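A quick write-up on the structure given underneath.
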Amino acid sequence: MASPGFRAVLPGALCYNRRVGEADPAEDKRQLVVLEGVRKSFGDLQALRDIDLTVSAGEVVVLIGPSGSGKSTLCRCINRLETIDAGTILIDGMPLPQEGKALARLRADIGMVFQSFNLFAHKTVLQNVTLGPIKVRDIPKAEAAERGMALLERVGIADKADRYPAELSGGQQQRAAIARALAMDPKLMLFDEPTSALDPEMIKEVLDVMIELAKEGTTMIVVTHEMGFARSAARRVVFMDGGRIVETADPDTFFSSPSTERARDFLSKILAH
Amino acid sequence: MSVLIHNLGAFGAGFRTTLALTLASFAGALAIGLVVASMRVSPVAPLRAAGTAYVETIRNIPLLVLLFLFFFGFPKMGIQYPPFPSAVIVMAAYTGSFVAETIRSGVNTVARGQAEAARAIGLTFPQSLRLVVLPQALRAVVAPIGNLFIALVKNTALASTIAVVELGSVYTRLITETAQPVAILFGATVGYLALALTGGWIFAEIEHKVAIKR
């Protein structure tokens, strides 16, 4: 969250207190995530080369591209799970802070869902969901549990509240992980290949939850191979290859008439079956 | 065997001292181990360096040397404690260096994603260590920490060298006094076995109880 002093000097920051997702045309112009000239290397491998990307409040942006194209790295840079070598990342107008308390506060406002779920193995599903609210937001335990149960209800696994992650199916674990992220009332949700580790039957139950979130106006950045989701829920599709953003378009345009040869080639390969 | 019965009082006193020495040193070792292991996995380089220096110094010096250094050497620098507290401090420091390494290896068994998820919901590094990583790391190292407990039980016998009247010094004295070494050694063996076996059993129970379903 921006400090009051910082808000005052930001021209576009007049409606900060509005919750993400409330229908307000002015809100849509609020730039929640701004990346400029972002570069990142792992040793000799250039994972990200001069990435520019802006995501407005309420937008659902889907990042697609072949393996190794940098889309997951990009997603992870946004809450600084990966540090960047050059460029700037602004979240809600503020540059990403260095590792420390300020970064922790910022991360609390950004929900993240991982490919491998990463539920806390030693805690029950409900404890997973309430840990952040209790320890980061200082919400009383009873209240956190009540809200946690409501969230588990919403993702359809309230009956698993007292189970441990290992006792759940992959799809249930991922829905629990989404509930854990939502429990922090994030203004932005990052999904890093949320369905890639799931059986086909379980993919739908997770995508259903995500589509519901998108409909409610949650700002989402989604790295996925689920073209169906991209088509139905994305406002924009960002196609990446070799660490660059090759093409950005609305889903209809992107899937029917991609403008770059690389995107056409990629789509022909994944949509052939 | 009557020699044992006659000296039961002395044995009992020695056993109680050994027990107290073991428990106090072990509590200290766990505390030191937790702190030093946390330092060694911290993102702050000076803390990591200090943790490494501690471990590599303490664990590579023989316990007997550490005891003599602390009890006979440190008083020359104005640091002086009675025998029992001295033994507790040295044993805790020594065992703590091994506990730290054991916990650190436990931390390495915790999947990277656990710490990432902890940070992603806004926990600070100390919080993620305390609430997510260490609870899982400790569950993974209950058995090796049980080993360290048993080693400590036996190491306490060295405290007799700095005039702590524990089980080890009791049997050394009784052997000289009674000239019946076999019976006396048998008694001492039973004492140490009882302590070590009970410790081992407790750790097995703990391990069973806190195991994480995966």
Side-chain angles (χ1 to χ4, degrees), chain A residues 1 75-76 78-83 98-124 127-138 163-168 173 176-177 179-186 188-190 192 197, chain B residues 34 37-49 51 102-145 203 205-214:
Chain A
M1 240 175 277
C75 188
R76 292 164 55 84
I78 292 171
N79 67 351
R80 212 171 181 276
L81 284 182
E82 301 287 355
T83 55
Q98 293 292 305
E99 200 74 42
K101 285 213 172 76
L103 183 62
R105 273 197 297 277
L106 183 120
R107 280 179 179 144
D109 288 337
I110 302 178
M112 178 138 195
V113 176
F114 301 86
Q115 179 176 351
S116 47
F117 329 133
N118 294 347
L119 289 172
F120 306 131
H122 63 305
K123 293 193 176 291
T124 65
Q127 287 169 343
N128 264 275
V129 175
T130 57
L131 183 69
I134 293 169
K135 297 294 177 182
V136 178
R137 300 271 194 241
D138 289 325
R163 297 300 188 87
Y164 285 88
E167 300 175 295
L168 271 58
Q173 287 191 53
R180 175 176 68 181
L182 291 175
M184 301 302 289
D185 269 329
L188 166 69
M189 286 284 284
L190 303 173
D192 184 8
Chain B
L34 271 173
S38 301
M39 288 166 71
R40 293 206 70 185
V41 299
S42 127
V44 185
L47 284 181
R48 278 202 306 276
T102 306
I103 292 175
R104 192 172 69 92
S105 77
V107 168
N108 291 338
T109 69
V110 178
R112 200 187 151 87
Q114 295 285 312
E116 285 188 348
R119 285 190 286 155
I121 60 169
L123 297 178
T124 58
F125 179 82
Q127 280 181 317
S128 69
L129 200 58
R130 184 164 55 83
L131 299 168
V132 174
V133 177
L134 281 179
Q136 296 186 54
L138 290 174
R139 282 167 165 86
V141 296
V142 173
I145 286 183
F203 277 97
E205 285 296 305
I206 294 173
E207 187 180 17
H208 181 67
K209 200 147 198 158
V210 301
I212 301 172
K213 288 175 184 160
R214 290 190 195 278

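For clarity, every value in this text was computed on a predicted model and none was experimentally measured. A, B, ... follow the sequence lines: proteins, then strands. Residue 1 opens every chain.
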Indicate the atoms forming the closest heavy-atom contact of [X] with [Y], along with that distance.
| X | Y | result |
| --- | --- | --- |
| B/Ala120 | A/Phe114 | CB-CZ, 4.0 Å |
| A/Ala104 | B/Thr124 | CB-CG2, 3.9 Å |
| A/Lys135 | B/Gln127 | O-NE2, 3.3 Å |

For this session: Could you tell me which of A/Asn79, A/Ile110, A/Leu119 has the largest number of non-hydrogen atom pairs under 4.5 Å with chain B?
Result: A/Leu119
Exercise. Can you check whether A/Leu131 reaches B/Val132 side chain to side chain, under 4.5 Å on heavy atoms?
Worked result: yes
Exercise. With a 4.5 Å limit on heavy-atom distance, are the side chains of A/Lys123 and B/Gln136 in contact?
Worked result: no
From [X] [atom1] over to [Y] [atom2], what is the distance, rounded to the nearest 0.5 angstrom?
| X | Y | atom1 | atom2 | value |
| --- | --- | --- | --- | --- |
| A/Arg107 | B/Ile121 | CZ | CD1 | 11.5 Å |
| A/Glu82 | B/Glu116 | CD | CD | 7.0 Å |
| A/His122 | B/Gln114 | NE2 | CD | 7.5 Å |

Problem set entry | Set of side-chain contact (heavy atoms from CB on, under 4.5 Å) partners for B/Ser42, sequence neighbours left out |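 Partners of B/Ser42 by the side-chain contact (heavy atoms from CB on, under 4.5 Å) criterion, ordered by chain and then number, come out as B/Val44, B/Leu47, B/Phe125.
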For this session: Might you work through the side chain to side chain contact (heavy atoms under 4.5 Å, CB included) test for A/Glu99 and B/Arg119, ending with a clear yes or no?
Result: CA-CA 10 Å; A/Glu99 200 74 42; B/Arg119 285 190 286 155; 3.9 Å; yes
Exercise. Is chain B contacted by the side chain of A/Phe120, its backbone, both, or neither, given a heavy-atom distance below 4.5 Å?
Worked result: both
For this session: Measure distances from A/Gln115 to the heavy atoms of chain B and classify the residue's part below 4.5 Å as side chain, backbone, both or neither.
Result: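 Neither part, no heavy atoms under 4.5 Å.
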Problem set entry | Proximal component of B/Ala118, with respect to chain A [non-hydrogen, under 4.5 Å] |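 Both the backbone and the side chain of B/Ala118 come within 4.5 Å of chain A.
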Exercise. Chain A: which of B/Val210, B/Leu131, B/Leu123 shares the most heavy-atom pairs with it under 4.5 Å?
Worked result: B/Leu131
Exercise. With chain A, which of B/Pro43, B/Gly122, B/Ala111 has the greatest number of heavy-atom pairs at distances under 4.5 Å?
Worked result: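 Sorted descending by pairs with chain A, the first entry is B/Gly122.
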For this session: Would you mind listing every salt bridge (Lys or Arg N to Asp or Glu O under 4.0 Å) that reaches into residues 122-137 of chain B, with sequence neighbours excluded?
Result: none
